[in-house]
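Here's the structure we're looking at; comments come further down.
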2 protein chains.
Amino acid sequence: MAYLHNEIRNETHLVPGLPVDGEQAWSDFMNSVNTKICRFAQHDVIFYEGDMADRVFEIVEGAVMLYKLLPDGRRQVVEMLGPQALFGIPAHGIYDCAAETLVPTVLRSLRRRDLEEQMDLQQHITRCLLSQMERLHDHAVLLGRKSATERVASFLFRFVANRGGVGCTGPAKGETDEETVRLNMTRQEIADFLGLTIETVSRVFSDMKRRGVICIEKTDQIRINNVCGLCHLTGAH
Amino acid sequence: MAYLHNEIRNETHLVPGLPVDGEQAWSDFMNSVNTKICRFAQHDVIFYEGDMADRVFEIVEGAVMLYKLLPDGRRQVVEMLGPQALFGIPAHGIYDCAAETLVPTVLRSLRRRDLEEQMDLQQHITRCLLSQMERLHDHAVLLGRKSATERVASFLFRFVANRGGVGCTGPAKGETDEETVRLNMTRQEIADFLGLTIETVSRVFSDMKRRGVICIEKTDQIRINNVCGLCHLTGAH
DNA sequence: CGTCGAATTGACTAGGATCAACTAGTGTGG
DNA sequence: CCACACTAGTTGATCCTAGTCAATTCGACG
């Protein structure tokens, strides 16, 4: 497959369900129980924090963010999820986060009880949870210890697939090191995800543009001119 | 049981393994496979981020923190775990965090393979993970959206059992609303957990003392004079 | 009593928040 | 097709919280 450096990548920043061994058993199970398919528009609310958690969701297509609110309205987005991810599995009987779509999204939901009765499929769930948890660990580092620029750079970097891993070898040989990404998030959502304000996010974007790191093609479509350079701004190296 | 308001509570701030239905099956399993008991002193390192993850750990007794480092040395503590909690189950083959004891600790470890082969015990693991995840969500809110005072207040509040839940009714009738807690963490560890610096943590403690909210009996033993008042400082109400 | 590391306190700085003004982009209706 | 309104985003000026750097105090231990 050709390396399409102008392709707009769209899902790598999301926590996926891992493609795992349990996949087949999982889909058999999902077909055996009473599931519901629901369609949501962009920025629709799926449930609120504190709602009774009687259904568990799997993302068929689209993207969902989970967030929590403080009573004075401050919001913190804690997870961004993509296809195959599971959410709405609460440790107690109540959702501990609100869930909202980032793009038009298709979900499959099932009764929580059906899931709980099915013990031998827990491995699939476990892997999804572990994957989400590692992302949360990284996110805690971002929130607790990174500067505004590092946060935004890390955020943009999530959208680039196959880069920044342990043995990242830089851009594919002979290719320019650029990448265009579509964010599908408002500045407010980005700010709430990164623990910043709208204004700071905007200023960092402008600053990166001024320094030639990125081009803002549309407000939510950004060309990264030098992925490797951006990576160095993330604070991870 | 009498309500001992001078008792030094010691574990409520840690993520526990939930006392669940799977408990019996879990302990049967742990007895059936080849486990190792290891003892660690306070502030011992159990493993480093990036180590090969071949063993999974259960806390028998004590407390463990998980943290990540940025290359320039900035550290972020992402979880604090207590008895029955599981850790060292990686989504990939490598530990994504370092683990260090907070107090002298006893661990039981088993080979990761033994755990993975045992599918029907995943429910116990799932519940541990879900419980840890909810804490991580709350922690993200703390790191992303709370002030220094709110962070420290939330931190202290973790040490107080049975308070701050949805239907918290205030102090037990007729009792003073105070509580003495032992932190078992250095200022540096607290700072890294809360995304602050040593100095800020120290200043907030001093300020709370000046305002009569707490008394610092020893550097790591603190009397909360008014639990309800502290709760209001957490930003959660 | 002296030493050493941890904690506290003080003075100063800076990064990001706040508040306000302005601009661009989108949709509506005449 | 353009005028207008409305929202999202950008930019600027100022403020303030928490960070930095340095000096001092505290506490544990030999």
Side-chain angles (χ1 to χ4, degrees), chain A residues 41-43 70 72-76 100 102-103 141-156 182-211 213-222 233 235, chain B residues 41-43 70 72-76 100 102-103 141-156 182-211 213-222 233 235:
Chain A
Q42 190 165 27
H43 302 299
L70 290 181
D72 62 3
R74 280 175 291 173
R75 182 173 75 158
Q76 181 68 52
E100 206 174 296
L102 292 173
V103 295
V141 175
L142 180 148
L143 294 171
R145 290 298 183 214
K146 290 193 180 181
S147 70
T149 304
E150 289 171 334
R151 293 183 200 202
V152 173
S154 302
F155 173 71
L156 287 177
R182 156 147 295 131
L183 306 181
N184 282 313
M185 290 174 79
T186 65
R187 293 289 186 268
Q188 185 64 65
E189 287 166 346
I190 296 169
D192 286 342
F193 184 61
L194 300 179
L196 299 170
T197 57
I198 295 184
E199 293 94 328
T200 300
V201 171
S202 184
R203 271 185 252 274
V204 173
F205 276 139
S206 300
D207 193 59
M208 285 180 167
K209 185 173 70 179
R210 223 169 291 126
R211 292 193 288 157
V213 180
I214 60 171
C215 295
I216 301 175
E217 301 181 337
K218 297 180 196 163
T219 54
D220 84 332
Q221 181 176 319
I222 287 178
L233 293 178
Chain B
Q42 189 165 29
H43 303 300
L70 291 180
D72 62 3
R74 279 174 292 174
R75 182 172 76 159
Q76 181 66 54
E100 207 175 295
L102 292 173
V103 294
V141 175
L142 180 147
L143 294 172
R145 291 297 183 217
K146 289 192 180 181
S147 71
T149 305
E150 289 171 334
R151 293 183 201 202
V152 173
S154 303
F155 174 70
L156 286 177
R182 156 145 297 129
L183 306 180
N184 282 315
M185 290 175 77
T186 65
R187 294 288 186 269
Q188 185 64 66
E189 286 166 347
I190 296 169
D192 287 342
F193 185 60
L194 300 179
L196 299 170
T197 57
I198 295 184
E199 293 94 329
T200 300
V201 171
S202 183
R203 272 186 252 275
V204 173
F205 275 138
S206 299
D207 193 59
M208 286 179 166
K209 185 174 67 177
R210 222 170 292 125
R211 292 193 288 158
V213 181
I214 60 172
C215 294
I216 301 176
E217 302 182 336
K218 296 180 195 162
T219 55
D220 84 331
Q221 181 176 318
I222 288 178
L233 293 177

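The analysis underlying the following values was restricted to heavy atoms, covering all of them including side chains, and did not include hydrogens, waters or symmetry mates. As the structure is a computational prediction, the values presented were derived from the model and not from experiment. First the proteins, then the strands, lettered A, B, ... as listed; each starts at 1.
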Euclidean distance, atom [atom1] of residue [X] to atom [atom2] of [N] [Å, nearest integer]:
{"X": "B:K218", "N": "D:dC29", "atom1": "NZ", "atom2": "P", "value": "11 Å"}
{"X": "B:K146", "N": "D:dA18", "atom1": "NZ", "atom2": "P", "value": "13 Å"}
{"X": "B:E150", "N": "C:dA17", "atom1": "CD", "atom2": "P", "value": "14 Å"}
{"X": "B:L194", "N": "D:dA18", "atom1": "CG", "atom2": "C1'", "value": "13 Å"}
{"X": "A:I190", "N": "D:dT10", "atom1": "CD1", "atom2": "P", "value": "9 Å"}
{"X": "B:R151", "N": "D:dA18", "atom1": "CZ", "atom2": "C1'", "value": "9 Å"}
{"X": "A:E189", "N": "D:dT7", "atom1": "CD", "atom2": "C1'", "value": "14 Å"}
{"X": "B:R74", "N": "C:dG15", "atom1": "CZ", "atom2": "P", "value": "12 Å"}

Would you say B:R182's side chain and B:Q221's backbone share a donor-acceptor pair under 3.5 angstrom?
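Flag not set: sc B:R182 to bb B:Q221 has no pair under 3.5 Å.
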So do the side chains of [X] and [Y] get within less than 4.5 Å of each other, counting heavy atoms only?
{"X": "A:I190", "Y": "A:I198", "answer": "no"}
{"X": "A:L142", "Y": "A:F193", "answer": "no"}
{"X": "A:M208", "Y": "A:I222", "answer": "no"}
{"X": "A:L194", "Y": "A:T200", "answer": "no"}
{"X": "B:D192", "Y": "B:E189", "answer": "no"}
{"X": "B:F205", "Y": "B:L156", "answer": "yes"}

Enter the inter-axis angle for the ends of the helix from C:dC1-D:dG30 to C:dG30-D:dC1 (five pairs per end, rounded to 10°).
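The helix from C:dC1-D:dG30 to C:dG30-D:dC1 shows an end-to-end axis angle of 30°.
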Give every pair of a protein N or O atom and an N or O atom of nucleotides 5-10 of chain C that lie under 3.5 Å apart, one pair per line with the distance.
residue: C:dA7; atom: OP1; partner: B:R187; partner atom: N; Å: 3.4
residue: C:dA7; atom: OP2; partner: B:R187; partner atom: N; Å: 3.4
residue: C:dT8; atom: OP1; partner: B:R187; partner atom: NH2; Å: 3.1
residue: C:dT8; atom: OP2; partner: B:R187; partner atom: NE; Å: 2.7
residue: C:dT8; atom: OP2; partner: B:S202; partner atom: OG; Å: 2.8
residue: C:dT8; atom: O5'; partner: B:S202; partner atom: OG; Å: 3.0
residue: C:dT9; atom: OP2; partner: B:S206; partner atom: OG; Å: 2.2
residue: C:dG10; atom: N7; partner: B:R203; partner atom: NH1; Å: 2.9
residue: C:dG10; atom: O6; partner: B:R203; partner atom: NH2; Å: 3.2

Is any NZ, NE, NH1 or NH2 atom of the basic residue among B:D207 and B:R203 found under 4.0 Å from an Asp or Glu carboxylate oxygen of the other?
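The answer is no: the pair does not qualify as a salt bridge.
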For A:G195 and A:L143, work out which heavy atoms get closest and say how close.
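The pair with the smallest heavy-atom distance is N-CD2, 3.9 Å.
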